[in-house]
Amino acid sequence: MSEHSSRGSVWQKTRRRILDRDGWLCRFCGKHLEGDDATVDHSIAKAKWIRDGLPGDPDADSNLLAACRSCNSSKQDSDSGPRINYYNPRWITQPA
């Protein structure tokens with residue numbers, strides 16, 4: 001089994017880290033994520049990353065974001081780039 005498969009332990013740790021980072025909220029629609037609805041999406045599709053010969057790792061945290069199953073499946077490796085139209089107020093630090 002590949003370490004990046006949906007059941008690989010490395011991917012599961014990465015998935016959990018991204019979901020925690022994004023507050024278990026879909027970065028596209030803002031929906032609270034739980035159970036099977038909680039997915040992690042590539043901002044730049046892995047296939048496009050490889051096809052275009054982009055440098056670095058397509059599975060780097062900077063290219064991953066939390067997404068509900070509906071938003072993740074509607075993107076389907078399009079070349080439109082990230083559709084991040086929601087923000088979590090916790091992502092913006094408040095002055096002390």
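Throughout, residue positions are numbered sequentially from 1 according to the sequence presented.
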**OP:** For Asp52, check side chain to side chain contact (heavy atoms under 4.5 Å, CB included) against everything at least two apart and list the hits.
**Re:** Lys48, Leu54

What heavy-atom pair brings [X] and [Y] nearest, and what distance separates the two atoms?
X: Leu64; Y: Thr14; answer: CD1-CG2, 3.6 Å
X: Cys26; Y: Ala67; answer: SG-CA, 3.8 Å
X: Lys31; Y: Cys68; answer: CD-CB, 4.2 Å
X: His42; Y: Pro58; answer: CD2-O, 3.1 Å
X: Leu19; Y: Ala66; answer: CD2-CB, 3.7 Å
X: Trp49; Y: Gly56; answer: NE1-O, 3.4 Å

I'd like to know if the side chain of [X] and the backbone of [Y] have a donor-acceptor N/O pair within less than 3.5 Å.
X: Asp22; Y: Trp24; answer: no
X: Arg21; Y: Asp61; answer: yes
X: Arg69; Y: Thr39; answer: no

Subject >> Residues His32 and Asp37: side-chain donor-acceptor under 3.5 angstrom >> reply: no

Original post:
CD1 of Ile50 to CD1 of Ile44: how many Å apart, nearest 0.5 Å?
Top reply: 12.5 Å

Subject >> Leu33 side, atom CG; Arg27 side, atom CZ - distance, nearest 0.5 Å >> reply: 11.5 Å

**OP:** Measure the shortest side-chain to side-chain distance between Asn72 and Phe28 over non-hydrogen atoms and say whether it is less than 4.5 angstrom.
**Re:** no

Original post:
When you look at CZ of Arg16, are more than 12 heavy atoms from neighbouring residues, nucleotides or ligands closer to it than 6.0 Å?
Top reply: no

